K.L.:
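Mind having a look at this structure? Questions to follow.
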Amino acid sequence: MEHQTALEHPIFKTIQQSAKKLDVQAFVIGGYVRDFLLQRGNAKDIDIVCVGSGIALAKEVAARLPGKQEVKFFKNFGTAMLHHQGIELEFVGARKESYDRNSRKPIVEDGSLEDDQNRRDFTINAMAFSLNPDSFGKLIDPFNGMHDLEQKTIRTPLAPGITYSDDPLRMMRAIRFATQLDFTIEKDSLQAITDHNHRIKIISKERIVDEVHKILASKKPSKGFALLYKTGLLPMIFPELDALRGIDEIDGQTHKDNFWHTLEVVDNIAQTTDNLWLRWAALLHDIGKAPTKRFDKKNGWTFHAHEFVGSKMVYKLFKRLKMPLNDKMKFVQKMVLMSSRPVILSEDHVTDSAVRRLVFDAGDFVEDLMTLCEADITTKNPKKQRRYLKNFKEVRRKIVEVEERDRIRNFQPPVSGEEIMKTFDLKPSREIGIIKEAIKEAILAGEIPNEYAAAKDFMLRQGIKIGLTPVSQ
Ligand code: CTP
């Protein structure tokens with residue numbers, strides 16, 4: 001089959017001419033071919049394999065492109081990279097690889113295209129388009145990856161045990177592709193992943209997290225997490241989530257399985273937001289439930305302060321997985337910490353002051369918090385579901401209303417500390433903090449509006465109440 005349309009971009013002609021000049025064969029391989037055949041839009045990464053030196057080919061291509069080209073070389077791997085019009089081109093010489101058991105570093109020897117295809121992860125990623133003049137656009141598909149694309153199957157070119165132990169990151173990749181593309185991992189592959197799961201330990205945390213990000217960014221992330229569980233990888237990567245699994249029963253009382261509940265929440269939120277960190281928050285919102293789970297006769301099952309415990313666990317989890325401990329982490333912590341606030345609120349009559357407090361504490365993230373809480377509704381009782389959603393809608397409406405009136409979101413004290421000092425002729429002292437806090441509380445409680453005149457008046461009365469005397473002005 002000819003696939004010229006995949007190779008319409010002029011860069012492919014340039015590569016073809018360069019390969020011809022060097023008298024080497026060149027092919028596009030991997031993700032670009034897969035995504036073209038899946039019609040997944042224009043891929044921005046193009047992998048070129050040539051039977052010969054990838055570095056020499058990259059240099060030749062760079063020389064033919066207009067302007068000065070920066071080519072990056074990775075001599076140890078025999079690869080070269082260059083950027084052109086927003087496309088990242090990677091060149092590699094075809095190779096036979098075998099791997100050291102304790103690292104992902106391959107021992108590389110030159111090889112044929114077929115050797116190279118053999119050593120790739122999945123049949124759907126081993127397909128190549130020829131860039132050679134006599135067969136330009138021809139699909140070279142020795143493992144029938146096309147069939148696997150049609151059947152939506154993840155399969156390894158070689159026996160799965162070899163492919164996964166060559167590079168255990170592929171266990172994560174298999175699960176990620178299955179989730180992203182909604183494919184099924186073929187039975188022997190799934191078994192091999194299960195058998196080799198312990199080898200994930202040689203993979204860097206950063207790479208594992210990259211794959212988790214991609215799972216979370218998928219349409220239905222639960223598929224990936226269910227596969228992590230099924231293959232035994234879950235406790236090695238996310239022991240906190242694994243600990244949420246199961247239902248205990250005492251005196252006939254049970255609680256829900258918080259692992260499967262969490263996955264439903266993640267799928268729900270995936271339908272309403274692309275914010276990756278909000279999806280992380282959904283994944284981690286209940287992790288505090290395992291360590292806080294208690295049973296007593298009076299209250300049944302409780303998870304007292306699980307939100308607080310959970311938010312502390314977020315830090316440890318991010319740290320262990322070498323994720324950045326930055327504002328994204330703080331956002332996830334905040335979401336976990338506040339994850340029950342709107343719920344408590346909506347169970348009752350929604351008062352303005354409760355809404356003001358919620359907005360004050362959540363700040364600009366109050367909508368994200370509402371999105372998380374709405375996703376958290378996993379009841380199978382349609383009547384309850386409708387009621388909860390209606391209540392949250394009411395909370396959202398009140399948030400807008402209260403915000404328009406009271407501007408709480410990025411709360412700035414309407415009377416400054418300096419003005420308090422001047423009014424009562426104070427040096428920096430505890431009293432200033434007390435008065436400021438009282439003003440804030442009065443605004444949140446709705447005793448006074450969030451306005452300068454009212455706040456100033458309140459400040460005077462409050463100062464006198466704690467024994468201060470205003471200086472005459
Ligand atoms: N590959 C592999 N084993 C890996 C990683 C990559 O065999 N552990 C091969 C596959 O043939 C893959 C190609 O290298 O298609 C390029 O890898 P990469 O750019 O990481 O992934 P893509 O397949 O392009 O997919 P995506 O861009 O979605 O990650």
Side-chain angles (χ1 to χ4, degrees), residues 6 27-50 54 72 74 77-83 86-100 103-108 111 113-129 139-146 148-149 154-183 185 189 192-193 196 199-200 202-204 206-219 224 233:
F27 306 85
V28 197
I29 196 161
Y32 183 86
V33 178
R34 178 198 68 225
D35 288 346
F36 172 81
L37 296 170
L38 282 173
Q39 300 177 322
R40 283 182 89 214
N42 270 343
K44 291 278 170 252
D45 286 359
I46 301 179
D47 293 309
I48 305 293
V49 60
C50 77
K72 279 197 211 131
F74 304 92
F77 294 102
T79 62
M81 212 195 316
L82 68 90
H83 292 267
I87 299 173
E88 189 177 286
L89 284 158
E90 194 170 321
F91 295 84
V92 61
R95 53 201 176 174
K96 275 188 195 155
E97 285 175 359
S98 56
Y99 285 75
D100 180 338
S103 81
R104 298 182 57 232
K105 285 207 193 80
I107 302 152
V108 182
L113 173 69
E114 200 182 335
D115 292 330
D116 195 281
Q117 287 175 305
N118 265 321
R119 283 296 173 186
R120 289 188 177 255
D121 53 2
F122 307 118
T123 58
I124 59 167
N125 285 345
M127 294 183 280
F129 287 136
L139 178 70
I140 301 147
D141 180 16
F143 313 105
N144 214 349
M146 201 60 199
D148 286 337
L149 271 190
I154 305 287
R155 188 194 311 277
T156 53
L158 303 179
I162 301 173
T163 302
Y164 293 113
S165 57
D166 272 357
D167 178 1
L169 176 67
R170 292 168 170 170
M171 303 191 289
M172 292 300 294
R173 282 172 62 89
I175 292 174
R176 182 259 286 192
F177 282 120
T179 313
Q180 247 180 357
L181 305 175
D182 194 18
F183 276 33
I185 302 176
S189 237
I193 297 175
H196 292 88
R199 301 207 67 231
I200 197 73
I202 69 161
I203 303 298
S204 79
E206 289 85 345
R207 283 181 175 267
I208 293 174
V209 168
D210 273 351
E211 299 300 329
V212 176
H213 281 328
K214 289 179 181 170
I215 291 172
L216 268 179
S218 303
K219 221 166 137 189
L233 285 163

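Given the structure is predicted, the values throughout are model-derived calculations rather than measurements. First listed ligand is number 1; within each ligand, the first listed atom is number 1.
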K.L.:
Can you check which of Asp45, Asp47, Ile46, Asp167 brings a heavy atom nearest to atom 16 (C) of ligand 1?
P.N.:
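Answer by nearest heavy atom: Asp47.
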K.L.:
Calculate, to the nearest 0.5 Å, the distance between atoms CD1 and CZ belonging to Ile124 and Phe183 respectively.
P.N.:
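Reported to 0.5 Å precision, the distance equals 5.0 Å.
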K.L.:
Given Arg34, Arg170, Arg173, which one has a non-hydrogen atom that is nearest to atom 12 (C) of ligand 1?
P.N.:
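The nearest heavy atom belongs to Arg173.
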K.L.:
Under a 4.5 Å cut-off applied to non-hydrogen side-chain atoms, are Asp47 and Val92 in contact?
P.N.:
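Asp47 vs Val92: side chains apart.
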K.L.:
Less than 4.5 Å apart, any side-chain heavy atom of Leu169 and any of Glu211?
P.N.:
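Result yes, sub-4.5 Å side-chain heavy-atom pair found.
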K.L.:
Atom CD of residue position Glu88 - does it have more than 12 heavy atoms of other residues, nucleotides or ligands inside 6.0 Å?
P.N.:
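Yes, the 6.0 Å shell around CD holds more than 12 heavy atoms from other groups.
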K.L.:
Indicate, as side chain, backbone, both or neither, the part of Met127 found under 4.0 angstrom from ligand 1 when only non-hydrogen atoms are considered.
P.N.:
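Neither; nothing of Met127 gets under 4.0 Å from ligand 1.
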K.L.:
Could an N or O of ligand 1 be found under 3.5 Å from any N or O of Tyr32, whether backbone or side chain?
P.N.:
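The answer is no, given that Tyr32 and ligand 1 share no N or O pair closer than 3.5 Å.
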K.L.:
Not counting sequence neighbours, which residues clear side chain to side chain contact (heavy atoms under 4.5 Å, CB included) with Ile162? List them please.
P.N.:
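Ile162 satisfies side chain to side chain contact (heavy atoms under 4.5 Å, CB included) with Arg119, Leu158, Ala159, Asp166 only.
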K.L.:
Closer than 4.0 Å to some heavy atom of Lys214 - which atoms of ligand 1 meet that?
P.N.:
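Reading through ligand 1 atom by atom, the close ones are 29 (O).
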K.L.:
What are the atoms of ligand 1, with element, lying closer than 4.0 Å to any heavy atom of Gly30?
P.N.:
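Every atom of ligand 1 under 4.0 Å from some heavy atom of Gly30: 15 (O).
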K.L.:
Among all residues two or more places apart in sequence or in another chain, which pass the salt bridge (charged side-chain N to carboxylate O under 4.0 Å, His left out) test with Asp210?
P.N.:
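Applying salt bridge (charged side-chain N to carboxylate O under 4.0 Å, His left out) to Asp210 gives none.
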K.L.:
Considering the heavy atoms of Phe177, write down every atom of ligand 1 situated less than 4.0 Å from one of them.
P.N.:
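Numbered from 1, ligand 1 contributes 23 (O), 25 (O).
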K.L.:
Looking at side-chain heavy atoms only, is the closest gap between Ile154 and Arg173 below 4.5 Å?
P.N.:
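Counting from C-beta outward, Ile154 and Arg173 never come under 4.5 Å.
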K.L.:
Taking distance alone, with N or O pairs closer than 3.5 Å, would you say Arg40 contacts ligand 1?
P.N.:
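Looking only at distances, the answer is no, because the N/O contact criterion of under 3.5 Å is not met.
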K.L.:
So for ligand 1, is Gln180 a polar contact partner (N or O within less than 3.5 Å, distance only)?
P.N.:
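No, no N or O pair falls under 3.5 Å.
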K.L.:
Between Phe129 and Phe36, how do the two ring planes meet: parallel, tilted or perpendicular, split at 30° and 60°?
P.N.:
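Perpendicular, since the angle between the ring planes exceeds 60°.
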K.L.:
Regarding ligand 1, does Ala126 bring an N or O atom to under 3.5 Å of one of the ligand's N or O atoms?
P.N.:
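No, since none of the N or O atoms of Ala126 sits under 3.5 Å from an N or O of ligand 1.
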K.L.:
Measure the distances from the heavy atoms of Glu90 to every atom of ligand 1 and state whether one is below 4.0 angstrom.
P.N.:
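It does not; every heavy atom stays at 4.0 Å or beyond.
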